[in-house]
Each structure stands twice: as C-alpha cells, then as structure tokens.
Amino acid sequence: MKKKHFNHFLTLLCLVCGLSSCSNDDNLSTLINNGDTQPDVEVSTVGQWITHEGNVTRNASAEADEPILHFKNEEVYNRITQELMGKSDLECMNYFKQIGFKGAFSQYVEADNELEKIFDNDDPALLQRLISEYKDKYKDKFLFNSTDTFDITPNLSFDDERLVLAGNMHGMVVVGNKLIQPTSVSTRAVPIGPIEPGFYASKASVTIRHKKYKSTMTLGRIANGNSMAVEFKTTKKVLFWRKSVRATHTAKLSYNGGPLIPVSCPARAKVFILNIKTEPFTPTFSAEIQDFKSSKCSGPGNATFKNILLM
C-alpha cells in the first residue's frame with residue numbers, strides 16, 4: 001500500500017513539473033487569463049460582432065466571415081499592442097501564428113517578402129512578368145502607387161499604428177464588446193506604418209548604398225509641431241522598378257557644433273522626432289552626421305553641413 005501511495009506521489013510530482021516547464025517568460029503575456037473564463041485575446045469573426053453591435057458601416061457585412069482579434073478590454077488591447085510594437089517582425093509573425101491569426105500585418109509581411117525575392121532577379125522580361133503577376137495577385141488586398149507605375153510597394157488601405165499590427169485586412173479589431181474600425185480609410189497608396197506628423201525636409205541629406213538597396217537620412221522638422229526631426233528612407237531598385245523597404249536606421253547627429261545625439265529609428269517608422277525645439281535653428285543651422293547605417297546598408301555615412309535653411 002505504501003508503494004502504491006509513493007507511485008501516486010511520483011506521478012503527481014512529474015505532472016506538476018511538466019506543467020511548470022511549459023511556462024516561457026519570453027512569450028507575450030496575451031495568452032494568460034489568470035483563471036478567468038475569458039482569455040485576454042481570442043480569434044473571432046467579424047460577423048459575430050456586426051450582429052452584436054447592431055449597426056454596420058463600410059459594408060462590413062461583406063466581411064462577416066473574416067477573422068478578427070477580440071481583446072478582453074481596452075487595457076489588454078493597449079498592453080498587447082504596445083508589446084507587439086517592441087517586437088521584431090519575425091517575433092510578431094511567430095506570435096500571430098501561435099494564436100492562429102493571419103491579419104493585415106502577417107499578410108503584408110508575407111507579400112513584401114515575396115516581392116523582395118522578385119526583386120532579386122535581373123532579367124528584364126522575367127521581372128516584368130513576375131511584377132505583373134504580383135500586382136494582379138494582390139490587387140484586391142493592397143493598394144499600389146497609382147501615379148508611378150515603377151513603384152511596386154504594396155500598401156494597406158489604413159495606417160493606424162496599432163491596427164496595422166493587430167487588425168484584420170480591413171483594420172478591424174474588437175475591444176471588449178465594441179467593433180473598432182479605422183477612423184479614416186485611405187483612397188490612395190500610403191506607406192505601411194504609423195500616421196506621420198508631417199515632415200518638412202531640408203537640403204541636408206546623406207545616402208548610403210549596398211547592392212540594390214539605398215538608404216537616405218534627411219534632416220528637417222516636423223510640420224505639425226515645434227521640433228527638429230530626421231526622415232529615413234530605404235528602397236530597393238532593380239532596373240526601372242523600386243519598392244520601399246522596412247529597415248532599421250541608426251546614426252549620430254550634432255547641431256551647431258553641439259554634442260553628438262544618438263538616433264535610432266525602428267523599421268515601422270520613417271520619421272524620428274528629436275524633441276529639440278526649432279527656434280535656435282532658424283533661419284539657418286549647421287549639422288554633422290556620423291555613422292549613418294541601416295539594416296540593409298552598413299555604410300557608414302558621414303557628412304557635414306553648413307548654412308542649412310530650415311524650411
């Protein structure tokens with residue numbers, strides 16, 4: 001009898017150890033519900049929430065079967081999206097795969113990776129055919145530049161920073177019992193990422209290149225505020241065609257002979273706001289750029305500018 005009880009104890013101990021080993025501190029905290037019957041986040045369908053809300057806009061009934069993320073409440077939504085914004089593309093993709101959701105972000109990254117491979121070709125006839133097939137394949141999912149046919153960058157029809165990450169292909173999420181949609185839907189091609197505050201560029205810029213990639217750092221200020229800012233752009237070009245590239249950018253920047261300021265811009269943004277007031281730099285200023293690099297172009301880029309007109 002004692003042996004039987006001892007075996008039961010060992011079995012229970014192994015079970016407890018096994019459950020404990022499943023925890024992973026590196027995972028996002030979105031799957032933990034602390035014993036609640038409702039998880040922090042779950043995959044639902046748009047149709048469930050159209051019925052619940054009782055009113056429909058943007059012809060949402062046509063998307064009733066489309067998957068959508070349901071967040072338990074606003075606090076959970078803000079926490080999870082903030083965590084995602086601090087992750088790499090690969091980490092975000094792995095998370096969405098883990099919970100079984102393929103929304104706007106996942107589909108965009110997959111489409112962009114597909115285009116990257118197309119741009120690895122150099123044969124003009126093959127490129128033209130592959131690009132034509134690509135645009136036809138994604139014409140109902142993404143927007144393409146309507147004024148420049150050589151810009152093949154795919155774009156979502158909305159640009160809210162959080163909805164780009166957590167939303168479905170129409171930018172929808174459910175928070176609590178409320179169906180959230182983009183406040184404005186773009187009718188033109190815009191870059192994926194957060195809504196930028198507007199950027200006034202100066203004529204001070206430095207460019208670095210590596211193979212088919214080109215990264216540019218431009219000094220200026222934000223339009224809707226009182227701060228100096230830096231704009232970063234990375235593109236990939238083959239023959240006549242080009243595409244915008246999500247890349248991280250770093251540099252050191254000095255104004256008017258002052259100390260060097262480290263600048264680091266993540267892949268999901270293109271304008272770095274320095275929170276330095278513009279008044280001391282009006283009407284002209286000097287600047288020095290050191291060690292400008294991107295994740296696609298190692299550089300480094302260095303430049304010194306004098307008498308820059310602040311636009």
(request) Answer yes when Lys212 and Asp122 have at least one side-chain N-carboxylate O distance shorter than 4.0 Å, and no when they do not. (result) yes

(message) Would you say NZ of Lys135 has more than 12 non-hydrogen atoms from neighbouring residues, nucleotides or ligands within 6.0 angstrom?
(response) yes

(request) Provide the closest heavy-atom pair for Ala166 versus Leu69 in the form atom of the first, atom of the second, distance. (result) O-CD1, 3.6 Å

(request) Carefully, step by step, assess Ile118 and Ile152 under the rule side-chain contact (heavy atoms from CB on, under 4.5 Å). (result) CA-CA 11 Å; Ile118 291 175; Ile152 318 298; over 6 Å; no

(request) Give a yes or no answer on whether the side chain of Gln107 reaches the backbone of Lys102 with a donor-acceptor pair at less than 3.5 Å. (result) yes

(message) For a quick test of reading the model, state the closest non-hydrogen atom pair linking Lys87 to Cys92 and the distance between them.
(response) CB-SG, 3.8 Å

(message) Just verifying a value: how many Å separate Trp241 CH2 and Asp148 CG, rounded to the nearest 0.5 Å?
(response) 12.5 Å

(message) Could you tell me if the side chain of Val174 sits less than 4.5 Å from the side chain of Leu179, heavy atoms only?
(response) yes

(request) Measure the spacing between OG of Ser202 and CZ of Phe305 and express it to the nearest 0.5 Å. (result) 7.5 Å

(message) Check whether Ser227 reaches the backbone of Ile276 with its side chain - one donor and one acceptor, N or O, closer than 3.5 Å.
(response) yes

(request) With the side chain counted from C-beta on, respond yes when Asn145 and Thr153 share a heavy-atom pair under 4.5 Å apart, and no when they do not. (result) no

(request) Would you give the length of the straight line joining atom CG of Asp65 to atom OG1 of Thr45, rounded to the nearest 0.5 angstrom? (result) 7.0 Å

(request) Indicate the atoms forming the closest heavy-atom contact of Pro154 with Tyr134, along with that distance. (result) CG-OH, 3.6 Å

(request) Starting from the C-alpha separation in whole Å, work towards a yes-or-no answer on side-chain hydrogen bond (donor to acceptor under 3.5 Å, both in side chains) for Thr250 and Ser264. (result) CA-CA 4 Å; Thr250 59; Ser264 180; over 6 Å; no

(message) Determine whether Glu83 and Tyr95 satisfy the following criterion, side-chain hydrogen bond (donor to acceptor under 3.5 Å, both in side chains), listing intermediate values before the conclusion.
(response) CA-CA 11 Å; Glu83 288 179 12; Tyr95 167 70; over 6 Å; no

(request) Please tell me if the side chains of Leu239 and Phe150 come closer than 4.5 Å, counting only heavy atoms from C-beta onward. (result) no

(message) Could you measure the distance from the OG atom of Ser106 to the CE atom of Met93? Nearest 0.5 Å is fine.
(response) 4.5 Å

(message) Salt bridge check, Asp120 against Lys211: does any charged N sit closer than 4.0 Å to a carboxylate O?
(response) no

(request) Find the distance between CD (Gln128) and CG (Asp123) and round it off to the nearest 0.5 Å. (result) 10.5 Å

(request) List the atom of Tyr255, the atom of Leu219, and the distance in Å for their closest heavy-atom pair. (result) OH-CD2, 4.5 Å

(message) Applying a strict under-4.5 Å side-chain criterion to I, L, V, M, F, W and Y, I'd like to know whether Leu126 and Phe240 cluster together.
(response) yes

(message) Does Glu110 have more than 12 heavy atoms from other residues, nucleotides or ligands lying within 6.0 Å of its CD?
(response) yes

(message) When you group the ILVMFWY residues by side-chain heavy-atom contacts below 4.5 Å and let the links chain together, are Leu310 and Ile261 in the same group?
(response) yes

(message) Parallel, tilted or perpendicular, judged at 30° and 60°: which one describes the rings of Phe232 and His249?
(response) parallel

(request) Might you work through the side-chain contact (heavy atoms from CB on, under 4.5 Å) test for Leu165 and Thr81, ending with a clear yes or no? (result) CA-CA 7 Å; Leu165 271 174; Thr81 52; 5.6 Å; no

(request) Report the C-alpha separation of Thr218 and Val230 in whole Å, then their side-chain angles, then the decisive distance to 0.1 Å, and conclude whether the side-chain contact (heavy atoms from CB on, under 4.5 Å) test is met. (result) CA-CA 6 Å; Thr218 304; Val230 182; over 6 Å; no

(request) Without swapping roles, check the side chain of Asn302 against the backbone of Asp291 for a donor-acceptor pair under 3.5 Å. (result) yes

(request) Report yes if the side chains of Phe119 and Lys243 come closer than 4.5 Å at any heavy-atom pair, otherwise no. (result) yes

(request) Salt-bridge test for Glu75 and Arg79: reply yes if a basic N is under 4.0 Å from a carboxylate O, no otherwise. (result) yes

(message) Donor-acceptor check, side chain of Ser295 to backbone of Ala247, threshold 3.5 angstrom: yes or no?
(response) no

(request) Answer with yes or no whether the hydrophobic clustering places Ile273 together with Leu260; edges join I, L, V, M, F, W, Y residues whose side-chain heavy atoms lie under 4.5 Å apart. (result) no

(request) Output the distance between atom NZ (Lys277) and atom OG1 (Thr282), rounded to the nearest 0.5 Å. (result) 12.5 Å

(request) Grab the two heavy atoms, one from Asn78 and one from Arg162, that are nearest each other, plus how far apart they are. (result) O-NH1, 3.4 Å

(message) If we ignore hydrogens and angles and just use 3.5 Å, is the side chain of Lys236 paired with the main-chain N or O of Glu116 as donor and acceptor?
(response) yes

(request) Taking the side chain as every heavy atom from C-beta outward, state whether Met172 and Glu66 have any pair of such atoms under 4.5 Å apart. (result) no

(message) Do the side chains of Lys137 and Glu133 get close enough for a salt bridge, i.e. N-O under 4.0 angstrom?
(response) no

(request) Verify, without hydrogens or angle tests, whether His70 (side chain) and Gly176 (backbone) share a donor-acceptor contact under 3.5 angstrom. (result) yes

(request) Using atom types as modelled and distance alone, determine if a side-chain donor or acceptor of Asp136 lies under 3.5 Å from a backbone N or O of Ser132. (result) no

(request) Verify, without hydrogens or angle tests, whether Arg221 (side chain) and Met311 (backbone) share a donor-acceptor contact under 3.5 angstrom. (result) yes

(message) Can you confirm whether Phe281 sits close enough to Ile308 that some side-chain heavy atom of one is under 4.5 Å from a side-chain heavy atom of the other?
(response) no

(request) Specify the closest pair of heavy atoms between Ile208 and Pro300, including all atoms of both residues, with the distance to one decimal. (result) CG2-C, 4.1 Å

(request) Evaluate the ring planes of Tyr108 and Phe142, with Trp represented by its six-membered ring, and classify them as parallel (under 30°), tilted (30 to 60°) or perpendicular (over 60°). (result) perpendicular

(message) Testing Leu163, Leu156, Asp160 one by one against Pro182 for a side chain to side chain contact (heavy atoms under 4.5 Å, CB included), which residue passes?
(response) Leu163

(message) With heavy-atom distances below 4.5 Å as the criterion, would you say the side chains of Lys296 and Lys214 are in contact?
(response) no

(message) Would you say that His170 contacts Gln181 through its side chain, given a criterion of any heavy-atom pair below 4.5 Å between the two side chains?
(response) no

(request) Give a yes or no on whether a salt bridge exists between Arg246 and Asp112, defined as a side-chain N under 4.0 angstrom from a carboxylate O. (result) no

(request) Evaluate the criterion side-chain contact (heavy atoms from CB on, under 4.5 Å) for residue pair Ile68 and Gln48; output intermediate values, then yes/no. (result) CA-CA 10 Å; Ile68 191 171; Gln48 293 176 250; over 6 Å; no

